[in-house]
**Student:** 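Would you mind keeping the following structure in view while I ask a few things?
Chain letters run A, B, ... following the sequence lines, proteins first, then strands; residues in each count from 1. Just the heavy atoms: all of them, side chains too, but no hydrogens, waters or symmetry mates, feed the values below. What you are looking at is a predicted structure, and each value in this text was computed from that prediction instead of being measured.
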Amino acid sequence: MGKYLFRRFLLMIPTFLGITFMVFCITRIVPGGPVEKILAEAQMMNQGRASGSGGAPLSEDQINELKAYYGLDKPMIEAYFIWLGKVLKLDLGVSSRYSDPVWDTIKDRLPISAYFGIMTLLITHLVCIPLGIVKAIKHNSTLDNITSIGVFVGYAVPAYVVGILLLVWFGSGLEWFPMGGFTGDDFEDLDFWGKTKDLMNHTALPLATYLAGDFAVKTFLMKNTLMDNLSADYIRTALAKGLSFPKAVWKHAMRNSLIPMATHFGQSLGLFLMGSFLVEQIYNIDGMGLLGYESIVERDYPVVMGVLVISSLLFLVGNILGDILVALVDPRVRFQ
Amino acid sequence: MTLIKDPLLLKKLEKFKSIKRGYYSLVLLTVLISLSVVAELLVNNRAVVVRYNGAIYFPTYGDIIPGKKFGFDYDYEANYRELKERFKNEDGNWLVMPPIPFNPYENDYIEGSYPPYPPDSRHILGTDASGRDILARLFYGFRIAIFFSLLLLFFSYIIGITIGCLMGYLGGRFDLLFQRVIEIWSNIPTLYLIIIVSSIVAPTFGVLLSIMVFFYWVTMTWYMRTATYKEKAREYVLSARALGAGHRRVIFSHIIPNTISVIVTFVPFTVVAGITTLTALDYLGFGLPPPTPSWGALLREGTANLGQQWIVMSAVSAMILILVMVTFIGEAVREAFDPKKFSFYE
């Protein structure tokens, strides 16, 4: 198993390099980087002060200094390896917008997205697995058909539309929940119960939004795989030998049906820890998703790359984790 | 006398027809798409037919007809809604307006009040903050979104099927190389890159489509690769080869027809992805530039004006309606093309 894991981790390296190199190149090739942004701002200020004086707002030397400051003075490949070297020393650089270390910003934002991710994963697995089982066993019953409608809508409609709808109904219309933010303004002054209540109140809508999308996919997955397995020959054999139906489901079909769920768990882990920037934008939550989005809009490339490093690592590790989980539930898979 | 002779395919079509919600969704969606092609005749501020002083005009397509032609005292385009009111008192002159007599770009101001106007008999779904008819914008937005998705589907499937088929058929180094490429591609945050690119290049329909195709071909490639791998190992491919069929013939007349069920099954879901992504981009302001009618722009405007709920609700309802229909079709197609029948013993 150790050898297998080692090989999987080795395979992560080329993928990681590929992803970061491609995005790094795009941030370099695309015009409108930090230096150009400063130049444009300087130009505007110049025009405001003395119109008609003309000439470049910054001297050649100043521009070169700026380029060196942002590491833009070196050729692309060299600059990439310098950046990579820093990342290996766990230095993600400094935000070109706020001059804060990128890692500090990410450290502030990661727990917020992780809160939603972990809560969503917990709730969906606690609800979807039982619901999927019931829907599979009672296929085409009233319960199955009624829940199917809800699951279908959740499946078809993207999370951000659900988010907007919930915000319109419960945030603005009924005013049950606050319109956005992660916690209230007076969060620090509250006692433990007050804090919990405030957090719940603020996170109920976004959490429901995250759930709506994931819920549908997982329930369908559970239902369909269990139905696949229930119609398989080995279940018929087990029943023919006199095993009771509940026992056949629990002991035989269930274990096999959990395999796709395990794969899915690994994949969704990275996705959820990063948060969805659309959902975070709708509810104005300062999580990883919004950080990545804002940094792109503002051309804060060190932050863009930092977020990318974290997200691709989480994604790759999530995939491996999924494989390990699959191996745990599926005895046919062996680590080789 | 049917076009399709293949009994297996006929059986699948029968099965699809028997799944009512999927079948009716397909019928309804086809009708909607066909109607959207001639949207100018249905939702427009130009009349469909005008009869004025013995002559007949069709103003919908073509150049604008100046107001002077119809006896107004101005040179810009005739206001057909006013013309209709006037014609009520004139014998022999008449005109037919489209069912929704508003253009999606037209600002309709009602004297004495400011937009957005709530739904009433004039604007069935109300207007947005600049007085544009929401129903008109929804309808034209639907046309753009659905054709965007269909074109996205077409191009990304051509690339995906070609590369995926080659990966599965050739195997070896070609397969290994593209496996890595796909792994990298699918790990790159697509929406981020589209935002970067579309904030530099003015995002026209063509540019946006190319960027999306650039990232979307991956999904289909992966499924095609697996499907081709499976088919390639089957005996019929071996016997075709033994009979002397060339690679081209094996791929085009044996393997691809047998993977068609894989391809068809994913079509509706790609349409959903196309609509969803385009709307998300428009919502964030990185999609088609304003004043292009789009659902995303309506969503953004609606969330900015939550006091006027008809704006956001119209866009949300339209999205839910269309996406649920497409998903119904998708599920029905999947069920029709799935040879397995779920049955178990209790």
**Student:** Is Tyr80(A) atom OH crowded by more than 12 heavy atoms from other residues, nucleotides or ligands, each under 6.0 Å away?
**Tutor:**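 Correct, the count exceeds 12.
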
**Student:** Please state whether the side chain, the backbone, both or neither of Val297(A) comes within less than 4.5 Å of a heavy atom of chain B.
**Tutor:** side chain

**Student:** Using a cut-off of 6.0 Å, state whether more than 12 heavy atoms not belonging to Tyr229(B) lie near its atom OH.
**Tutor:** yes

**Student:** Apply side chain to side chain contact (heavy atoms under 4.5 Å, CB included) to the pair Ile320(B) and Leu165(A), showing each step before the final yes or no.
**Tutor:** CA-CA 10 Å; Ile320(B) 293 179; Leu165(A) 192 64; 4.2 Å; yes

**Student:** Would you mind checking which part of Leu17(A) comes under 4.5 Å of any heavy atom in chain B, side chain (CB onward), backbone (N, CA, C, O), both or neither?
**Tutor:**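 Nothing of Leu17(A), per the 4.5 Å heavy-atom cut-off to chain B.
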
**Student:** Taking it one step at a time, do Ile164(A) and Val316(B) satisfy side chain to side chain contact (heavy atoms under 4.5 Å, CB included)?
**Tutor:** CA-CA 8 Å; Ile164(A) 291 172; Val316(B) 168; 4.1 Å; yes

**Student:** From Leu284(B) CG over to Phe277(A) CZ, what is the distance, rounded to the nearest 0.5 angstrom?
**Tutor:** 5.5 Å

**Student:** Counting a contact as any heavy-atom pair under 4.5 Å apart, which residues of residues 176-184 of chain B contact chain A?
**Tutor:**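 When heavy atoms of chain A are the reference, residues 176-184 of chain B contributes Arg180(B), Glu183(B), Ile184(B) within the under-4.5 Å range.
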
**Student:** Identify which of Ile275(B), Ile322(B), Thr279(B), Val272(B) forms the greatest number of heavy-atom pairs closer than 4.5 Å to chain A.
**Tutor:** Thr279(B)

**Student:** Would the number of heavy atoms belonging to other residues, nucleotides or ligands and lying under 6.0 Å from OH of Tyr234(A) be above 12?
**Tutor:**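 It does: Tyr234(A) OH has more than 12 such atoms within range.
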
**Student:** State the OH-OG1 distance between Tyr160(A) and Thr303(B), to the nearest 0.5 angstrom.
**Tutor:**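 So the OH of Tyr160(A) and the OG1 of Thr303(B) are separated by 12.0 Å.
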
**Student:** So what's closer than 4.5 Å to chain B heavy atoms on Phe21(A): side chain, backbone, both or neither?
**Tutor:**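 No part of it gets close to chain B.
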
**Student:** Check each atom of Ser312(A) against the heavy atoms of chain B and say whether the ones under 4.5 Å are side chain, backbone, both or neither.
**Tutor:** neither

**Student:** Does the side chain of Pro158(A) come within less than 4.5 Å of Thr277(B)'s, by heavy atoms?
**Tutor:**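 Thr277(B) vs Pro158(A): side chains apart.
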
**Student:** Should Met313(B) and Val168(A) be marked as a side chain to side chain contact (heavy atoms under 4.5 Å, CB included) after you check the CA-CA gap, both sets of side-chain angles, and the distance that decides it?
**Tutor:** CA-CA 8 Å; Met313(B) 284 316 288; Val168(A) 171; 4.2 Å; yes

**Student:** Do you know which of Val157(A), Ile26(A), Val304(A), Ile296(A) has the most heavy-atom pairs with chain B at a distance under 4.5 angstrom?
**Tutor:**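 Max contact count across the listed options: Ile296(A).
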
**Student:** Side chain from CB out, backbone as N, CA, C, O: work out which of these in Arg300(B) comes under 4.5 Å of a heavy atom of chain A, or both, or neither.
**Tutor:**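 For Arg300(B), neither part sits under 4.5 Å from chain A.
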
**Student:** Could you tell me the separation between the CD atom of Glu331(B) and the OG atom of Ser148(A), rounded to the nearest 0.5 Å?
**Tutor:** 9.0 Å

**Student:** Of all residues at least two apart in sequence or in a different chain, which pass the side-chain contact (heavy atoms from CB on, under 4.5 Å) check with Phe315(A)?
**Tutor:** Leu271(A), Asn319(A), Asn187(B)

**Student:** Can you tell me if Tyr155(A) uses its side chain to pair, donor with acceptor, with the backbone of Val324(B) under 3.5 Å?
**Tutor:** no

**Student:** Which bit of Leu278(A) comes within less than 4.5 Å of chain B, counting heavy atoms only: side chain, backbone, both or neither?
**Tutor:** side chain

**Student:** Run Tyr283(B) and Ile282(A) through side chain to side chain contact (heavy atoms under 4.5 Å, CB included) and show every step you take.
**Tutor:** CA-CA 10 Å; Tyr283(B) 173 73; Ile282(A) 290 166; 3.4 Å; yes

